[in-house]
Amino acid sequence: MPMTDDIRYVGVNDREVDLFEGLYVVPNGVAYNSYVIMDEKIAVMDAVDARFGDAWVNNVREALSGRKPDYLVVHHMEPDHSAAIALFMEAFPEAVIVSSAKAFPMMKAFFGTDFDGRRIIVKEGDKLELGKHVLQFITAPMVHWPEVVMSYDACDKTLYSADGFGKFGALDAEEDWACEARRYYFGIVGKYGAQVQAVLKKASGLDIRTIRPLHGPVLEGEALTRALELYDIWSSYRAESEGVLIAYTSVYGHTRVAAEQLADQLRAKGVKVAMQDLARCDIAEAVEDAFRYDRMVLATTTYNADIFPPMRQFLTWLSERGYRNRKVGLIENGSWAPMAAKVMRAMLGGCKDVTIVEPVVKIQSALNTESAAQLDTLAEAMA
Ligand code: FEO
C-alpha cells in the first residue's frame, strides 16, 4: 500500500490474536506496522509477528517492484515485530540488519544466529544514508526493552518511534486513539516513565511532522500534537483528568453497594466518577483509569486474612508501574476481622507521594449508620 512515492506500508492487521503479549485483551485486534523506504538504497523498517511472516514477505516483495532490499532496520526485538526476521534474511540473502548492539544477542537467543557478517550496529546519533532519506538513530533504552532504537528521517521529518505512541487495535478499527493508546501505554510501557521522558527530551530537538509507531495509525497534525502532550503527562505520572476512579471487589454485593453509594454522592457534588469491578473488568482498563484520574477509592473485602485476590493483583499492577502523586480513599469490609485497609495501605506504601484520605471506611458485613456516616465524610474529603 503506497503512502507516499517513497514510503510504502507493508505491515499487517492481526484480528486473530486472543491476548496480546499473552495478557491483554484486544477486541479490535492489533497492527504490526512495517514500512519500505524506496531510495537509492532500500530500507525495510521492522518485521512482524511469526503468524504473519509469509504475508509480510509477500507485501515487501510487492512493494519492492522487483528491486532488492539493502537493509532491514530493527527498532525493537519483541517478537511481535522481530519473529519474522529470520524468514526475511532467508528471502533476501543480500540484505543487512541495522540495529543496536543489544539487539544482536537477542537475535542469537531467538534464532540461534546473530547474523554475523550481515549486520550494522548503530548507536546514538549514527546515520544510515539511503539517498535523500537519511535515518538518524536515537536510542530509547527501556522504552520498553533495553535494545530499542528509534530513527528520524529529516527528509520527510518522520520519527519511526518503535512501540512509543502505539496503540491496540487493527488499523481498520474505528476507535478513539487516546483510549487504546492509554491502555497500551500504562499496560506495557508505564513502568518506564523516566526513560520515556528522556526520549521526549531528545525528540523535542527534532522537527517532527509525522510519527510512525509500530502499532496503530500514523500520527500527523493535531493528532501528533495531542499524542506528544499525552505522552508527556503519562510519562511524568501527572493526572490527565480530574475525577475519581472507584475500584472495588464485592463477594455478596455489600461492598458494591458502598462503592455505588459513594459514586452517587461524588456525582451529586459534580465530580467525574469511573467505576471498575476488579473481578469482572479488564484489569488494563482499571489501570489506565487509575493513572488517568487524580483520585482513587479502593473498596474491598478481607479474604484469607488478606484482601480479595483481584484487588491484590490490581495493586501489584499499579505499584509495578510506578503509581504515584495521587489521593486515595479506602473502604474495607470484613465480617469478623477486617484486614483489608491495613493490607491496602501497606501495598500502597511503596508508591511515591500517595496520600491516604481519611476517614478509612470500615464496614462489618453491610453498611450501617456508623459506616454510612464514614462514607459521607469520605465523599466530602474526596470531592
Ligand atoms: Fe510491540 Fe514491545 O512490542
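Just follow the structure's listing: the first ligand is 1, and inside any ligand the first atom is 1. Residue numbers start at 1 and run along the sequence shown. What's counted below: heavy atoms across the whole structure, side chains too, no hydrogens, waters or symmetry copies.
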- Between Tyr237 and Gly193, which heavy-atom pair has the shortest distance, and what is it?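 Here Tyr237 and Gly193 meet closest at OH-N, 3.2 Å.
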Determine which pairs satisfy side-chain hydrogen bond (donor to acceptor under 3.5 Å, both in side chains) with at least one residue from [range], sequence neighbours left out, and list them in order.
range	answer
residues 312-325	Tyr24-Arg321, Asp306-Arg312
residues 333-342	Thr255-Asn333, Ser335-Ser365
residues 145-155	His75-Ser151, His76-Glu147, His133-Asp153

- Message: Is it true that Tyr32 and Asp46 share a donor-acceptor pair across their side chains at a distance under 3.5 Å?
- Response: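 Per modelled atom types, Asp46 and Tyr32 side chains form no pair under 3.5 Å.
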- Query: What is the number of protein N/O/S atoms located under 2.8 Å from atom 2 (Fe) of ligand 1?
  - Reply: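 Under the 2.8 Å cut-off, the count stands at 4.
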- Closest His215 atom to atom 1 (Fe) of ligand 1 [N, O or S only]: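 Looking at His215, the N, O or S atom with the least distance to atom 1 (Fe) of ligand 1 is NE2.
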- Query: Is there a chain of hydrophobic side chains (I, L, V, M, F, W, Y, each step under 4.5 Å between heavy atoms) that links Tyr185 to Val287?
  - Reply: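 Same hydrophobic cluster.
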